[in-house]
Amino acid sequence: MPVREPPPERTDMTDAVTFRGVSRHFGPVRAVDEVDLEIRDGEFFAMLGPSGSGKTTCLRLIAGFEQPTAGHIEIFGERADGVPPYLRNVNTVFQSYALFPHMNVLDNVAFGLRVKGVSRAERLKAAEEALSMVELAGYGSRRAGELSGGQRQRVALARALINKPRVLLLDEPLGALDLKLREQMQEELRKLQRALGLTFVFVTHDQEEALSMADRVAVFAEGRIQQVGSAEDIYRRPASRFVADFVGSSNVIPADFAGVGAAGQWASLRPEDITLDPAGREAVVTGRYFHGRVVKLALDVGGQALTALVAPRDDLPDAGQATRIAWDPARVHLMERGS
Amino acid sequence: MHSDNRAPLPLKLAAAGGLFFLLAPIALIFVYAFTTEEKSFQWPPPGFTLKWIGVTLNRPDVWEALFLSLRVAAISTVIALALGTLTAAAVARSRFFGRETISLLVILPIALPGIITGISLRSAFSLLEIPFSTWTIVLGHATFCIVIVYNNAVARFRRTSGALIDAAMDLGADGVQTFTLVILPNIATALLAGGMLAFALSFDEVIVTTFTAGQQTTLPIWMLEELVRPRQRPVTNVVAMAVVLVTVLPILAAYYLTRDGEHTAGAEK
Amino acid sequence: MSAISPAIFAPRSGPLSRAVDWVIRHPRMFVFLMVLPITLWLGIVYIGALIALLIQSFFSIDEYSGLIVHEFTLKTYAELFRSYNLDIIIRTVSMAAAVTLASAVIAFPIAYFAARYARGKWKALFYIGVMLPLWSSYLVKVYAWKLVLAKEGILNWLFAKLHLTWALEAALALPVVGGNSLSVSYLGTFIVFVYIWLPYMIIPVQAALERVPAPLLEAAADLGATPGQSFRMVLFPLAMPGIVAGSIFTFSLTLGDYIIPQIIGSSRLFIGQAVYTQQGTAGNIPLAAAFTVVPIVIMGLYLWGARKMGAFDAL
């Protein structure tokens with residue numbers, strides 16, 4: 001994981017976005033259920049979770065497309081109850097980009113200024129500038145349909161940023177891009193966020209993306225926040241079985257088995273922390289899967305199933321063979337909740 | 001569904017025969033408009049003349065019927081556009097109590113035979129002692145024109161990604177700006193197509209009209225009178241040809257308008 | 001980037017902006033306002049008129065004075081079951097069924113060819129070939145058939161040229177469906193009905209067929225189905241909702257039509273003509289109303305059945 005600057009220090013500044021007991025129920029469906037959350041000014045905040053976990057609804061609540069059924073949301077300390085999207089100084093980069101198909105790229109980017117009554121010459125100049133910021137200078141006269149996925153993504157970004165929002169919301173913005181482009185855009189988004197010093201709220205279901213980009217991550221499941229913390233926190237010290245499993249597919253094992261706590265408690269052991277050790281415990285390999293950079297070993301240790309990730313070697317045990325394994329008890333994390 | 005195989009011959013013949021069956025009678029109209037025969041429908045025509053076109057153009061009753069039909073069709077289309085678009089927007093964009101009922105209600109005037117719409121409106125007019133006028137005809141026509149606009153608009157609304165409306169509002173456009181700058185440009189061709197089809201439908205309607213027109217004569221009613229009691233065969237031939245021409249043009253235009261919009265606007269990936 | 005701009009903008013002034021903001025803040029009200037006009041128009045004016053008509057079917061007419069007796073009775077409905085009126089109903093329903101069946105048979109190859117084989121220019125030709133007769137004036141189409149079926153017209157001329165006049169005469173000599181000439185026989189009425197409603201069958205069938213993915217047929221062939229079998233076991237069942245959807249139109253339109261049998265056909269009445277004469281010349285609104293209930297009931301049952309078969313998705 002790349003070394004990066006520490007997240008902004010917590011000061012007595014107003015938070016960018018605050019959720020206070022926010023719920024959004026659709027009939028019997030609790031899309032968001034009693035969520036409390038503070039997103040700090042200037043941070044890159046990721047909302048991570050499987051589909052249907054409530055992360056996108058939270059984003060739509062901030063944007064104003066949805067209204068909470070209970071609780072309230074503050075944006076820079078101002079109550080946003082009932083405020084329609086167009087009165088919020090918050091902009092969104094949509095998952096499908098939502099570029100207006102009947103306008104060219106320049107008019108798309110200038111849209112926010114147009115509806116605010118900015119003169120044509122002025123807004124087109126600003127739109128040109130915004131396009132060069134995302135390295136699309138000269139693309140203004142094209143139609144959205146003539147652009148590649150990555151280019152559309154940049155247009156959507158320019159269209160949102162031209163309004164100088166206080167918070168930028170990004171709804172799975174990289175989901176439609178191929179792997180190479182996605183990695184490149186991750187880096188660019190991160191740079192852009194630092195340069196602008198703007199609060200980014202980023203929704204994704206890709207845990208690697210969340211961990212590598214965000215200052216802090218909130219993990220969602222079933223409409224509730226499971227854990228909020230730095231990427232390191234979430235990965236090393238998962239609060240629950242769900243987080244341990246969803247972020248990096250950890251081994252969730254009884255604490256006494258792991259050798260760190262009492263019976264009845266649960267612990268998380270990362271697969272890469274298990275090593276092959278001739279002095280270790282006896283284990284039977286039940287499966288071996290070659291993944292390129294690593295090899296995944298399915299193990300059985302006295303009835304407990306474990307997954308290990310080890311570096312490829314010529315002398316790795318095959319499925320059905322016995323081996324010995326070990327782990328550093330310091331790498332085992334005792335979880336607060338077993339569920 | 002597409003296949004690269006060539007169609008079997010019997011299928012080709014059946015399809016071609018079907019198309020011939022559909023189009024040949026209409027082609028016949030164009031031949032008869034120029035026949036010199038006045039008293040019967042003789043085939044082949046003994047000769048051809050342009051005389052009857054001039055005669056028809058000088059017939060005030062034809063012109064009056066034409067103008068009434070155009071007026072009714074125009075008003076009905078405007079009403080249908082307003083109501084059809086509003087309803088389509090509500091049904092396509094939100095879930096509410098009674099949504100299914102409304103989508104069924106809209107289809108009812110064309111699902112039920114026209115005669116039922118006609119007679120029930122007529123008996124309602126007589127119960128409420130409403131005298132026949134252009135507006136009684138319009139009332140009947142707009143009722144079944146709504147569904148045409150509704151169908152076109154609802155399909156386009158469904159294809160227009162909801163994210164576009166969200167995006168417009170997110171960028172600061174209020175309800176009115178969102179409608180004029182984003183929604184309207186995206187549904188305009190569908191509305192134009194729906195409007196033209198509604199116009200053609202109203203222009204042509206006869207079954208409901210016979211119940212709601214009273215003594216007024218629209219062009220189709222003029223035609224009907226000629227069909228039941230032929231008096232002016234050559235003039236009827238010319239009017240029939242004119243009516244085909246008037247309806248063909250909007251259909252071709254509507255086809256070209258809706259043809260291009262087949263991808264989902266705003267949801268490209 | 002200035003961080004001084006407000007996070008939430010002030011509400012706007014002006015009555016229109018305020019009204020728009022208010023409506024957007026109350027989405028339920030917004031939807032209510034959007035569906036209010038249609039509800040008033042169709043729900044009250046149209047459904048109101050239908051109900052008023054239905055109520056009149058429970059009145060009766062005094063046989064001597066010819067005046068309507070405003071008292072609840074089922075007498076008028078009983079009248080529907082008199083043999084003369086029952087004949088009208090049976091005649092109309094049989095015609096509707098025959099027209100529907102014939103339309104389906106003629107429409108299928110056209111729709112199948114257009115959906116599966118036609119491309120580019122041919123696809124456009126098929127589209128226009130179906131849309132043109134669909135949207136052409138109803139009366140002009142009927143008129144065209146009057147030209148075709150006339151004694152001195154093109155069809156008789158054609159039969160004569162091909163030396164097939166005997167076949168036409170044999171068809172017209174058939175009991176019930178035959179008659180003096182095509183334009184005054186049930187056969188003629190049937191042909192015109194099929195012609196006029198055929199496009200209504202082609203369009204939904206073609207739509208249903210277009211939605212059948214080509215790999216499905218390849219899969220059927222791959223699994224060893226002959227072309228005939230894949231048609232019978234895969235394609236036809238998938239096209240069925242389209243046929244049912246089309247039949248809603250052909251059936252309903254035939255049931256309610258009173259102009260075609262009046263212009264081309266024998267003098268015996270169909271339901272539509274009965275309604276028209278009862279409410280017009282005969283002045284018997286209750287009987288006319290009771291007659292209109294027949295197609296409503298038949299179509300109600302029909303739509304209920306069609307819904308079960310999933311035909312509405314193919315519309």
Side-chain angles (χ1 to χ4, degrees), chain A residues 26-27 56 59-60 62-66 83-103 107-118 143-149 151-153 155-156 159-165 167-169 171-172 175-177, chain B residues 85 88-100 152-153 155-194 256-269:
Chain A
F26 297 95
T56 298
L59 201 77
R60 294 176 60 82
I62 304 173
F65 305 135
E66 305 282 350
V83 176
Y86 51 85
L87 294 181
R88 298 180 183 215
N89 199 356
V90 163
N91 288 115
T92 307
V93 175
F94 291 84
Q95 185 175 14
S96 55
Y97 316 132
L99 299 182
F100 302 126
H102 59 292
M103 297 180 187
D107 287 334
N108 258 287
V109 176
F111 186 87
L113 300 179
R114 180 176 175 192
V115 296
K116 286 187 190 76
V118 175
R143 293 244 158 193
E146 298 166 358
L147 301 181
S148 71
Q151 290 169 332
R152 282 181 211 172
Q153 219 267 321
V155 174
R159 185 177 71 170
L161 289 174
I162 198 171
N163 306 296
K164 302 192 190 310
V167 179
L168 185 72
L169 308 174
D171 184 9
E172 305 248 5
L177 306 182
Chain B
T85 312
V91 168
R93 281 272 150 260
S94 45
R95 325 223 144 251
F96 55 90
F97 177 74
R99 181 167 165 270
E100 294 289 313
N152 271 272
R156 185 63 65 88
F157 270 123
R158 292 212 168 116
R159 286 202 308 234
T160 306
S161 155
L164 289 184
I165 296 167
D166 283 349
M169 291 215 170
D170 185 70
L171 294 166
D174 67 22
V176 176
Q177 288 168 321
T178 303
F179 182 75
T180 54
L181 298 179
V182 174
I183 299 174
L184 205 54
N186 272 300
I187 63 166
T189 49
L191 289 192
L192 196 57
Y256 282 104
L257 284 174
T258 45
R259 199 185 46 157
D260 296 332
E262 274 168 22
H263 61 278
T264 301
E268 313 96 335
K269 285 210 171 166

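Order of the sequence lines sets the chain letters (A, B, ...), proteins ahead of strands, with each chain counted from 1.
The ring-ring contact (aromatic ring centres under 6.0 Å, His included) check on A/Phe94 picks up A/Phe65, with sequence neighbours excluded. Residues that satisfy the side chain to side chain donor-acceptor pair (under 3.5 Å) test with A/Asn108, not counting sequence neighbours, are A/Arg159. With sequence neighbours excluded, the residues forming a side chain to side chain donor-acceptor pair (under 3.5 Å) with A/Asn89 are C/Ser5, listed by chain and number.
Counting only heavy atoms from C-beta outward, the side chains of A/Phe26 and A/Glu66 approach each other to under 4.5 Å.
Side chain of A/Arg88 to main chain of A/Ile62: a donor-acceptor pair is present (N/O by atom type, distance under 3.5 Å, no hydrogens or angles). A donor-acceptor pair under 3.5 Å is formed between the side chain of A/Arg143 and the backbone N or O of A/His102.
Residues of residues 176-183 of chain B lying within less than 4.5 angstrom of chain A, judged on heavy atoms, are B/Gln177, B/Leu181, B/Val182 in numerical order.
When heavy atoms are compared at a cutoff of 4.5 Å, A/Asn91 approaches chain B by way of both its backbone and its side chain.
In terms of heavy-atom pairs under 4.5 angstrom with chain B, the leader among A/Thr92, A/Leu87, A/Asn163 is A/Thr92.
Using a 4.0 Å cut-off between charged nitrogen and carboxylate oxygen, A/Asp171 and A/Arg60 do not count as a salt-bridge pair.
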